[in-house]
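The figures here come from the full heavy-atom set of this structure, side chains too, leaving out hydrogens, waters and symmetry mates. Order of the sequence lines sets the chain letters (A, B, ...), proteins ahead of strands, with each chain counted from 1.
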Number of protein chains: 2
Amino acid sequence: MKRTKEEAENTRDDLLLSAIQIFSEKGVARATLAEIAKGAGVTRGAVYWHFENKAQIFDALHERMYRPFLDGILKGLEKEHPNPLEQLRDLWIELFIDLEKDERRKQALTLFMRKCNYSGDLAPYKEEHQKKQEQSIKAFEDYLEKYKNNGNLPRGVDSKTLTEGMFCYMKGILFQYLDEPETYNIQKKAPQLIGLFFNSLISNKG
Amino acid sequence: MKRTKEEAENTRDDLLLSAIQIFSEKGVARATLAEIAKGAGVTRGAVYWHFENKAQIFDALHERMYRPFLDGILKGLEKEHPNPLEQLRDLWIELFIDLEKDERRKQALTLFMRKCNYSGDLAPYKEEHQKKQEQSIKAFEDYLEKYKNNGNLPRGVDSKTLTEGMFCYMKGILFQYLDEPETYNIQKKAPQLIGLFFNSLISNKG
DNA sequence: TTTATAACATACATGCGTGTATGTTTATTG
DNA sequence: CAATAAACATACACGCATGTATGTTATAAA
């Protein structure tokens, strides 16, 4: 049953969206292509038409979800603001608060943080996905460099360490949040935790 | 071939140690009992004699590795110190630096942070393992409560938020470190990153 | 209006891991 | 010293996911 190009692209995207669901629920390793196909309302035939195998679906998912995520961050950094640490603080708080309603992005994040092990058939994509992440890290470094001689950065810390520390902190919060998103009060905790990190840094500006 | 009780306990432990290796390499889902047995120099018969299935090995591993880990932390907190934040800072730095030589503990941490998805047959143990972690979180909370009226805690932050933030931060660092332990210069970065977090808090004591 | 082929569905073969059943040997008990 | 059972090894049956091969249908090109 041949479909039009648009229909075909829709089924491909349906497969990806279904894969997010299945992958995040059962983990990539235990997710079956039949389930993914069923979730998209098709069969394994459609899967093997659009993708080579499960690993390629996994990689295509990363491409599909990470790009808008990065763009959202970059857009938040473009706005002018007198105090970079305050801007970063509010940006991260906003990201976490918005995340609660974005079920799909939540699933994607749990998928890539906890439900894939990057071993075996997924190993080839580990380095590739890492490099994409380093891109966004670089974006924050460049952002902070702009304010280097502004006097609003904490004294005695280089922007690289600050960026990496910030990333670790956010990843840790994300890690905990995604562990039980339904009971975790992110609306309340995001400002508290993120404030804890940035506010003490803000007081130490020099 | 019946063995003495001591020999039997040795093979059981060999199986657990082999499981750490295999689990951390291939992930729990894609690890096979035959591999684990081979790593311990036995066959699947021994595995099914000592354990019910793979999931129970996984749980037994958590019991075996997490207990000494927690005890090590508690021991570090017992020592008297005038400034709690400095003590915590040095304790965490020490933990990370010591971790580099402890290959087995590194593998165990990657296993439980990234190589298991706690879904399917592992799902029953998710909550159980979470509760064990909350125990150690509680230990830090209680520790900080002791210094509540000391004047050495940062002003405006309750010990719960401080504890949770600290945990998130350490988990994030650990997450990044375990991503590529061979190239990550933890000896240098642990003091930098952990210092970034605590030193700015220390300056804000009140 | 054919014809070719895109976009799938269906069917088949294969391998692999699990669980269990059974066999084997050696320590332990009486 | 015989008998029992612990501590495994070996063998078997089963299901399940994958990959591929083939079948089917509607679309787009001629």
**Prompt:** Do A:K138 and A:E141 have side chains that get closer than 4.5 Å, going by heavy atoms?
**Reply:** yes
**Prompt:** How are the rings of B:F197 and A:Y169 set to each other: parallel, tilted or perpendicular (split at 30° and 60°)?
**Reply:**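 Rings of B:F197 and A:Y169: tilted, 30 to 60°.
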Just the rounded figure in Å: distance from [atom2] of [N] to [atom1] of [X].
X     : N      : atom1 : atom2 : answer
B:L33 : D:dT10 : CG    : C1'   : 16 Å
A:K38 : D:dC16 : NZ    : P     : 13 Å
B:R12 : D:dA6  : CZ    : P     : 17 Å
B:E7  : C:dT25 : CD    : P     : 17 Å
B:R44 : D:dT10 : CZ    : P     : 12 Å
B:I22 : C:dG17 : CD1   : P     : 12 Å

[N] OP1/OP2 closer than 4.0 Å to side-chain N/O of [X]:
X     : N      : value
B:K54 : C:dT18 : yes
B:W49 : D:dA7  : yes
A:T43 : C:dC8  : no
B:H50 : D:dC8  : yes
A:R3  : C:dC8  : yes

Would you indicate which nucleotide in [options] comes nearest to any side-chain atom of [X]?
X    : options                : answer
B:K5 : D:dA7, C:dG19, C:dA9   : D:dA7
A:T4 : D:dA5, D:dC8, D:dA28   : D:dA28
B:K2 : D:dT27, C:dT26, D:dT10 : C:dT26

**Message:** Please classify the nucleic acid contact of B:T32 as base, sugar-phosphate, or nothing, using heavy-atom distances under 4.0 Å.
**Reply:** sugar-phosphate
**Request:** Quick one: label A:A31 by what it contacts on the DNA or RNA (base, sugar-phosphate, nothing), any heavy atom closer than 4.0 Å.
**Result:**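 Sugar-phosphate, no base atom in range.
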